[in-house]
Amino acid sequence: MKIAWVTDSTAAMDEEMQNHPDVYVVPITILLDQHEYIDGVDLTPAALYERLKSVKAVPKTSQPSIGTFQQLFEKLGETYDVIIAVHLSEKLSGTVSSCKQAAELVKIPVYTIDSGLISYPLTWMLKKGMQLAEQEMQPEQITTKLELLKHENELYVLIGSLEQLHRSGRMNGLQFFLGSVLQITPIISLEQGQLNTKEKLRSKKKAQEKMINYLKTAYEQHELKEAFILYGLHREIAEEWKRTIEMEIPGLVLNCYPLGAAVGLHAGEDTLGISWFNQQ
């Protein structure tokens with residue numbers, strides 16, 4: 001059975017996935033002052049963050065259209081037997097909805113999975129699905145396995161710009177006021193597909209230490225093999241934090257991945273996060 005794997009541009013695709021012949025990425029649209037940009041095509045994260053300094057209107061993202069998915073699915077139907085689509089959290093975007101509606105309009109079977117995730121954890125789930133396919137699992141079995149696996153993920157971020165998060169509608173006015181005036185650094189978690197305030201600390205340093213403690217606990221309880229550091233624009237800051245964590249948890253494999261423009265639009269260029277799967 002030949003499977004086409006589809007995801008969206010919020011996934012942090014490493015070189016292996018970028019060059020994989022059976023992986024297809026549907027881009028998110030970014031709206032800046034009435035101008036539309038295709039994520040990952042004509043707007044890089046660096047260019048986005050520079051533009052955000054001068055935009056007047058509230059920047060927004062737009063999910064891929066049903067027609068975009070339908071056109072891709074019909075094309076893939078010419079050479080593949082089935083499509084498995086793994087997308088960012090349905091509670092953060094309507095991408096899953098567009099994908100499901102398009103699936104009803106084409107002949108090729110399409111299995112749509114709401115990963116409940118963003119960035120590299122989304123990519124990791126896609127890779128896991130491909131590994132299961134290599135073990136000759138059927139699409140129904142792969143879908144069931146990934147739906148269970150997404151609940152094993154933990155993801156925490158320090159938002160780089162509370163103002164951007166507030167303007168984009170991802171943080172209410174009171175939270176923004178408290179965070180800005182009282183200099184509180186919130187740790188944001190992604191739980192069941194939506195952003196929540198995990199804890200509030202009085203400095204970025206304390207917040208980073210707290211996130212490392214979360215990771216240590218998971219490492220000891222679940223014998224983690226790897227974790228992912230996520231960043232907005234500044235990879236050098238992520239690499240520095242990686243070295244700090246490696247000193248405290250020397251047996252853990254760590255790699256750094258960008259959050260991407262569509263996520264960075266809401267979170268800001270100084271965003272720093274960490275994620276892992278308790279069952280790997």
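- For the side-chain contact (heavy atoms from CB on, under 4.5 Å) test with Met211, the passing option among Leu201, Ile187, Val157 is Ile187; the others fail.
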Exercise for the section: Given side chain to side chain contact (heavy atoms under 4.5 Å, CB included), test Glu240 with His234 step by step and report yes or no. Expected result: CA-CA 10 Å; Glu240 182 180 347; His234 306 294; over 6 Å; no
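- Residue Tyr219 comes nearest to Gly251 through the heavy atom pair OH-CA, 3.7 Å, listed as atom of the first residue, atom of the second, then distance.
- Criterion: ILVMFWY side-chain heavy atoms under 4.5 Å apart, direct or through other members. Under it, Phe277 and Leu126 are part of a common hydrophobic cluster.
- Of all non-hydrogen atoms in Ser115 and Leu88, the two that sit nearest each other are OG-CA, 3.9 Å.
- When atom types are taken as modelled, the side chain of Ser119 and the backbone of Pro258 share a donor-acceptor pair closer than 3.5 angstrom.
- Val86 and Val82 fall within the same hydrophobic cluster, defined by Ile, Leu, Val, Met, Phe, Trp and Tyr side-chain heavy atoms under 4.5 Å apart, directly or through other members.
- In this structure, Leu148 stands alone, with no Ile, Leu, Val, Met, Phe, Trp or Tyr side-chain heavy atom under 4.5 Å from its own, directly or through other members.
- Distance alone, capped at 3.5 Å, is enough to place a donor-acceptor pair between the Ser89 side chain and the Gly193 backbone.
- One finds the CG atom of Leu52 at 9.5 Å from the CD atom of Glu50 (value rounded to the nearest 0.5 Å).
- In this structure, Ile84 is a member of the same hydrophobic cluster as Met1, with clusters built from ILVMFWY side-chain heavy atoms closer than 4.5 Å.
- Heavy atoms from other residues, nucleotides or ligands lying under 6.0 Å from NZ of Lys2 number more than 12.
- Lys204 and Asp270 are not joined by a salt bridge, as no carboxylate oxygen comes within less than 4.0 angstrom of a charged side-chain nitrogen.
- Residue Phe73 belongs to a hydrophobic cluster whose other members are Val6, Tyr24, Val26, Phe69, Leu72, Leu76, Tyr80, Ile83, Val106, Ile108, Val110, with links defined by side-chain heavy atoms closer than 4.5 Å.
- The CG atom of Leu149 sits 12.5 Å away from the CD1 atom of Ile142 when rounded to the nearest 0.5 Å.
- Using modelled atom types, one finds a donor on one side chain and an acceptor on the other under 3.5 Å when comparing Glu199 with Tyr214.
- The distance from the CG atom of Leu158 to the CG atom of Leu272 is 6.0 Å, given to the nearest 0.5 Å.
- Taking both residues in full, the closest heavy atoms of Pro121 and Leu230 are given as CD-CD2, 4.2 Å, listed atom of the first, atom of the second, then distance.
- Although no hydrogens or angles enter the test, the distance criterion places no donor-acceptor pair under 3.5 Å between the side chain of Asp42 and the main chain of Tyr37.
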Exercise for the section: Begin with the C-alpha distance, continue with both residues' side-chain angles, and end with the deciding distance and a verdict on side chain to side chain contact (heavy atoms under 4.5 Å, CB included) for Asp22 and Ile3. Expected result: CA-CA 7 Å; Asp22 299 322; Ile3 302 175; over 6 Å; no
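- Across every non-hydrogen atom of Trp124 and Glu226, the tightest pair is NE1-OE2, 2.9 Å.
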Exercise for the section: May I have the step-by-step check of side chain to side chain contact (heavy atoms under 4.5 Å, CB included) for Trp241 and Ile212, ending in yes or no? Expected result: CA-CA 10 Å; Trp241 199 37; Ile212 293 176; 3.7 Å; yes
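- Distance NE2/His87 to SG/Cys99: 3.5 Å, rounded to 0.5 Å.
- Asn278 and Glu154 are linked by a side-chain donor-acceptor pair at a separation below 3.5 angstrom, with hydrogens and angles left out of the test.
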Practice task
Using the side chain to side chain contact (heavy atoms under 4.5 Å, CB included) rule, take Val23 and Met130 through it: C-alpha gap first, then chi angles, then the decisive distance, then the call.
Solution key: CA-CA 10 Å; Val23 174; Met130 297 168 76; 3.9 Å; yes
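- Among pairs with a residue in residues 128-146, those fulfilling side-chain hydrogen bond (donor to acceptor under 3.5 Å, both in side chains) read Tyr111-Glu140, at least two apart in sequence or across chains.
- For the 3.5 Å distance criterion, the side chains of Asp14 and Thr123 fail to qualify, holding no donor opposite an acceptor.
- Between Phe228 and Tyr120, the ring planes lie perpendicular to each other; the angle is over 60°, past the 30° to 60° tilted range.
- At most 12 heavy atoms of other shown residues, nucleotides or ligands fall within 6.0 angstrom of atom CD in Gln71.
- Side-chain contact check for Gln101 and Ser97: at least one donor-acceptor pair (N or O, by modelled atom type) lies under 3.5 Å.
- The line from CG of Leu92 to OG1 of Thr61 is 9.5 Å long, rounded to the nearest 0.5 Å.
- Placement of Ile113 and Val25 within a single hydrophobic cluster is found when ILVMFWY residues are connected by side-chain heavy-atom separations under 4.5 Å, directly or transitively.
- Here the NZ-OG1 distance, from Lys206 to Thr185, works out to 11.0 Å after rounding to the nearest 0.5 Å.
- More than 12 heavy atoms of other residues, nucleotides or ligands shown are found within 6.0 angstrom of CD on Glu236.
- Annotation for Ala227 and Leu252: closest pair CB-CD2, 3.9 Å, computed over non-hydrogen atoms.
- Across every non-hydrogen atom of Trp276 and Asn153, the tightest pair is O-ND2, 3.1 Å.
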